[in-house]
Protein chains: 2
Amino acid sequence: MKKTSRKAAVELPLNEILAGDCIEIMNSLPEGSVDLIFADPPYNLQLKGDLHRPDNSKVDAVDDEWDQFSSFAAYDKFTKDWLAAARRVLKPNGAIWVIGSYHNIFRVGSELQNQGFWILNDVVWRKSNPMPNFRGKRLTNAHETMIWAGKNEDSKCTFNYEALKALNEGTQMRSDWVLPICNGGERLKNEAGEKAHPTQKPESLLHRVLVGATNPGDVVLDPFFGTGTTGAVAKKLGRDFIGIEREEAYRKVAAKRLSKVRKFDKESLMVSASKRAQPRVPFGQLVERGMLLPGEELYSMNMRHKAKVRADGTLVGGPDVSGSIHQVGAQLEGAPSCNGWTYWCYKKDGKTVPIDLLRQQIRAEMN
Amino acid sequence: MKKTSRKAAVELPLNEILAGDCIEIMNSLPEGSVDLIFADPPYNLQLKGDLHRPDNSKVDAVDDEWDQFSSFAAYDKFTKDWLAAARRVLKPNGAIWVIGSYHNIFRVGSELQNQGFWILNDVVWRKSNPMPNFRGKRLTNAHETMIWAGKNEDSKCTFNYEALKALNEGTQMRSDWVLPICNGGERLKNEAGEKAHPTQKPESLLHRVLVGATNPGDVVLDPFFGTGTTGAVAKKLGRDFIGIEREEAYRKVAAKRLSKVRKFDKESLMVSASKRAQPRVPFGQLVERGMLLPGEELYSMNMRHKAKVRADGTLVGGPDVSGSIHQVGAQLEGAPSCNGWTYWCYKKDGKTVPIDLLRQQIRAEMN
DNA sequence: GCCCAGAGTGAATCCTCCG
DNA sequence: TCGGAGGATTCACTCTGGG
């Protein structure tokens, strides 16, 4: 761990719910100290009158005071201010996720781009059990949109490709996620038995976000903490969280919820890693260690080319064709690049085997 | 039919492809004369270097001159101008559909709202066969977003609720549509056998839009006509169209295409109706949804082996034994393959129950 | 004519370390 | 900071050609 991050960690109020306005509080936190922000800002819903189901029961609409904005201009100013404060507390390689609906997400997305955030993906949360459209005047509003953006164009954001691929049973995770809405036992109730928050997000959604975009020990900030879904999942997954919430009622519910959450054991938090994380093995080492001999011939995967190993770990593939395993492979194939480890094979007991097997052998010994 | 609409219909250049800049041409058309606009504007992709597939083949990038803008400001001005012209030609109860990706859709959506359009839904086109993310650095970009908006807040826009419900096998049409991308025989080629347009949209998509948002005899305008998918589907469905296209090559391809289209040609309908598949449930979803917890132990059917669940939906069955439920099962049994769904059980109230039960639960929810 | 293996391809903001 | 080299990375579908 680097000294700077250790220092920041000491100053940060970790695993707490901070009371107050998120813009003021974020501005009071040290600059560049947070790995990830997950934000579920007010949606600026402009509902006209009450909405009734066909049986005349009233739909419990999102009409709380905090969700009323007089105009797009006011909402835009609010968005601009909290995004700027959020950007300030992010580490240079930090990222942000914002969730919204068509009422607000276009304003948010535009402002993200205006401030220099770099959009990595927009992600659709496809609700498997949405509320139907009772009036039959529109399509069933069955999804919400999340924007995933880096602090800058060149931010090296965390992306656990292999872990998300594993979550999706071996094929790349797509930008559309099918997950149920939060209800049943997971949906928090207040003392009166009503839902404690109008837009509580499901933990499954946050699980995927945090597994994919953070590592254990990372600091995750949620400026609109609500009932604390972000904090609950962060705690379970061994990430630190900072929650900011203005409403006392929500803070109370969230605090109670978090006190009951336990972290998963360490082994289960390990996640499938990519090859990129493994130590580099120079091809020359195979020759030095006698696994391949100078003068020995290698064959291309497709058996169309061959090349000879030299004592210094380079290959010769013909007149004027020599260099690293990658360079010679690329040159023979007329390709811009080539992974020599998977391209070249050697003869072993009459069979042709990729040289990558020898690298794996060395890597195994290193553990 | 009202007198005004009869008059406008006479003056309008119906079922033609107009050559030139869409802003100028729209401004030359009579005000308030069009029922629906479908627009597929440039996305402003801002691609940098080349991209290669893992097999070293080069991805044919969308690098056409018409998609180049010098800045967000330039793109915003373009958006503002064409949307204003579009709004002028719309009837008071007219509506617009705009399709885009995260590169441009937030700019478009904001400007729609700024000009007074009233968003009715955002609709996600979930591609059943998208291009993967070849470098494994992001999520597969598997969807595009359409915005459906009325000219005003109080526009009475056409919405054929029952027709869409029928297209969706009797249940309300949702805001996410699963449809394949345009390829195969539908994809138009030029004389050289290359794709005639880099971003041709599938007819199935337009079929749903026009069935849901127009009536026979309505006038549909497409200011970025391209190869004329909007016109082709409009003609099949007995709607009138107005196409505007700047590039002569596209106009020629579109004209040829349209000459072959016959009214009530039902091909595109078949595609959208027939696309139904048993949803795949990844094991990882059981973990995300908290049906199984990271750290929890699973037991083999025969009770000879056990394994621990990890946060990314993989199992650990011992040192150097980890991977999917299927892989770990196969490895522990020394078998070439294994159906993890029926092989693994979990403890529930003291009894061991196959995890497949949990999958069935999820599938049941999806219907 | 049928089947199967292999090649081709799609709106994409797609690498990282070391010197 | 920049340039060069190492080397990691793909899903669903269509079409073509050979047997």
Side-chain angles (χ1 to χ4, degrees), chain A residues 113 117-122 148-150 153-154 156-157 159 161-162 165 168 170-175 273-284 302 313-314 323-330 335-344 355-356 359, chain B residues 40-64 66-69 72 99-105 125 127-145 180-187 189 193-195 197-202 224 226 277 280:
Chain A
Q113 292 177 315
F117 285 98
W118 192 248
I119 300 182
L120 302 170
N121 276 117
D122 60 334
W148 174 31
E153 180 174 347
D154 47 7
K156 304 270 171 275
C157 303
F159 179 56
Y161 174 75
E162 294 292 343
K165 195 171 166 178
N168 199 32
T171 53
Q172 273 190 356
M173 186 63 80
R174 302 167 37 119
S175 58
S274 106
K275 272 193 203 157
R276 278 182 254 256
Q278 295 182 40
R280 228 175 83 178
V281 177
F283 174 73
N302 52 26
T314 57
S324 71
I325 52 172
H326 316 293
Q327 288 167 336
V328 173
S337 72
C338 170
N339 184 344
W341 289 107
T342 49
Y343 179 74
W344 293 109
I355 59 173
D356 201 34
R359 181 171 64 163
Chain B
D40 182 10
Y43 286 9
N44 189 24
L45 285 187
Q46 311 169 65
L47 303 178
K48 301 259 168 31
D50 289 343
L51 178 65
H52 292 87
R53 299 185 182 80
D55 66 3
N56 268 325
S57 61
K58 192 175 157 195
V59 174
D60 188 13
V62 179
D63 52 4
D64 304 72
W66 49 255
D67 199 42
Q68 307 300 319
F69 294 84
F72 278 131
I99 185 166
S101 66
Y102 66 84
H103 308 84
N104 71 324
I105 199 68
W125 169 28
K127 303 179 185 183
S128 54
N129 51 350
M131 188 166 77
N133 185 294
F134 295 117
R135 306 300 291 269
K137 303 310 290 182
R138 312 228 177 141
L139 302 165
T140 305
N141 211 329
H143 74 275
E144 292 187 26
T145 302
I181 60 175
C182 179
N183 58 12
E186 189 186 328
R187 189 81 192 222
K189 305 288 192 296
E194 303 153 327
K195 57 189 177 196
H197 191 284
T199 69
Q200 186 183 339
K201 296 292 174 288
F224 307 98
R280 203 169 54 96

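What's counted below: heavy atoms across the whole structure, side chains too, no hydrogens, waters or symmetry copies.
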Next item on the list: Could you pick out which residue, A/R174 or A/K275, lies toward the 5' side of DNA chain D when each is mapped onto its nearest nucleotide?
Entry: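 By nearest-heavy-atom nucleotide position, the 5'-most residue is A/K275.
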Check: Between A/Q278 (CD) and D/dA8 (P), how many Å, whole number?
Finding: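 Between P of D/dA8 and CD of A/Q278: 8 Å.
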Check: Atom CD of B/Q68 and atom CG of B/L45: how far apart are they, to the nearest 0.5 Å?
Finding: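 Reported value, rounded in 0.5 Å steps: 8.5 Å.
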Notebook entry, point to check: Atom CG of B/N133 to atom C1' of C/dC15: distance rounded to whole Å?
Noted result: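 In whole Å, C/dC15 C1' lies 12 Å from B/N133 CG.
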Margin query: Suppose we define a pair by two distances each less than 3.5 Å, Watson-Crick or G-U wobble; what does D/dG7 pair with here?
Written below: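 Per the H-bond distance test, none.
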Check: On a whole-Å scale, what distance lies between the P atoms belonging to D/dA8 and C/dC18?
Finding: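 The same atom, P, in both gives a distance of 14 Å.
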Checklist line | OP1 or OP2 of D/dC11 under 4.0 Å from side-chain N/O of B/N129 | finding: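 Result: no.
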Note to self: How many whole angstroms separate atom CG of B/L139 from atom C1' of D/dC11?
What the structure shows: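 Rounded to whole Å, this separation is 15 Å.
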Notebook entry, point to check: Is B/R53 side chain donor-acceptor paired with the C/dG10 base, going by distance under 3.5 Å alone?
Noted result: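 A donor-acceptor contact between them is present.
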Notebook entry, point to check: Which residue, B/N133, B/N141, B/T140, B/L139, forms the side-chain contact (heavy atoms from CB on, under 4.5 Å) with A/R174?
Noted result: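 The residue from B/N133, B/N141, B/T140, B/L139 that satisfies side-chain contact (heavy atoms from CB on, under 4.5 Å) with A/R174 turns out to be B/T140.
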Notebook entry, point to check: Considering only the P atoms, how many Å lie between C/dT9 and D/dT9, rounded to the nearest integer?
Noted result: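 Straight-line distance between the two P atoms is 25 Å.
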Notebook entry, point to check: Expressed in angstrom and rounded to an integer, what is the separation of B/N44 atom CG from C/dA11 atom P?
Noted result: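 Between P of C/dA11 and CG of B/N44: 18 Å.
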Next item on the list: Grab the NE2-P distance between A/H326 and D/dG6 for me, whole Å please.
Entry: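 That distance rounds to 5 Å.
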Margin query: Using the P atom as the point on both nucleotides, what is the distance between C/dA11 and D/dG6, in whole Å?
Written below: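 One P to the other, the span is 35 Å.
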Margin query: Mind checking if B/P130 touches a base, just sugar-phosphate, or nothing, with heavy atoms under 4.0 Å?
Written below: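 The residue B/P130 makes base contact.
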Next item on the list: Find the distance B/D60:CG to C/dT9:P and express it as a whole number of Å.
Entry: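 Spelled out: CG on B/D60 to P on C/dT9 is 8 Å.
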Notebook entry, point to check: Over how many whole Å does the gap from A/Q172 atom CD to D/dT9 atom P extend?
Noted result: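 Nearest whole value for this atom pair: 11 Å.
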Item checked: Presence of donor-acceptor pair under 3.5 Å, side chain of B/K201 and base of C/dA11 ->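 Per atom types, the contact qualifies.
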Checklist line | Whole-Å gap separating P (D/dG6) and CG (A/N339) | finding: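 Spelled out: CG on A/N339 to P on D/dG6 is 11 Å.
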Next item on the list: For D/dG7 and C/dG10, measure between their P atoms and round to the nearest Å.
Entry: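 32 Å, rounded to whole Å.
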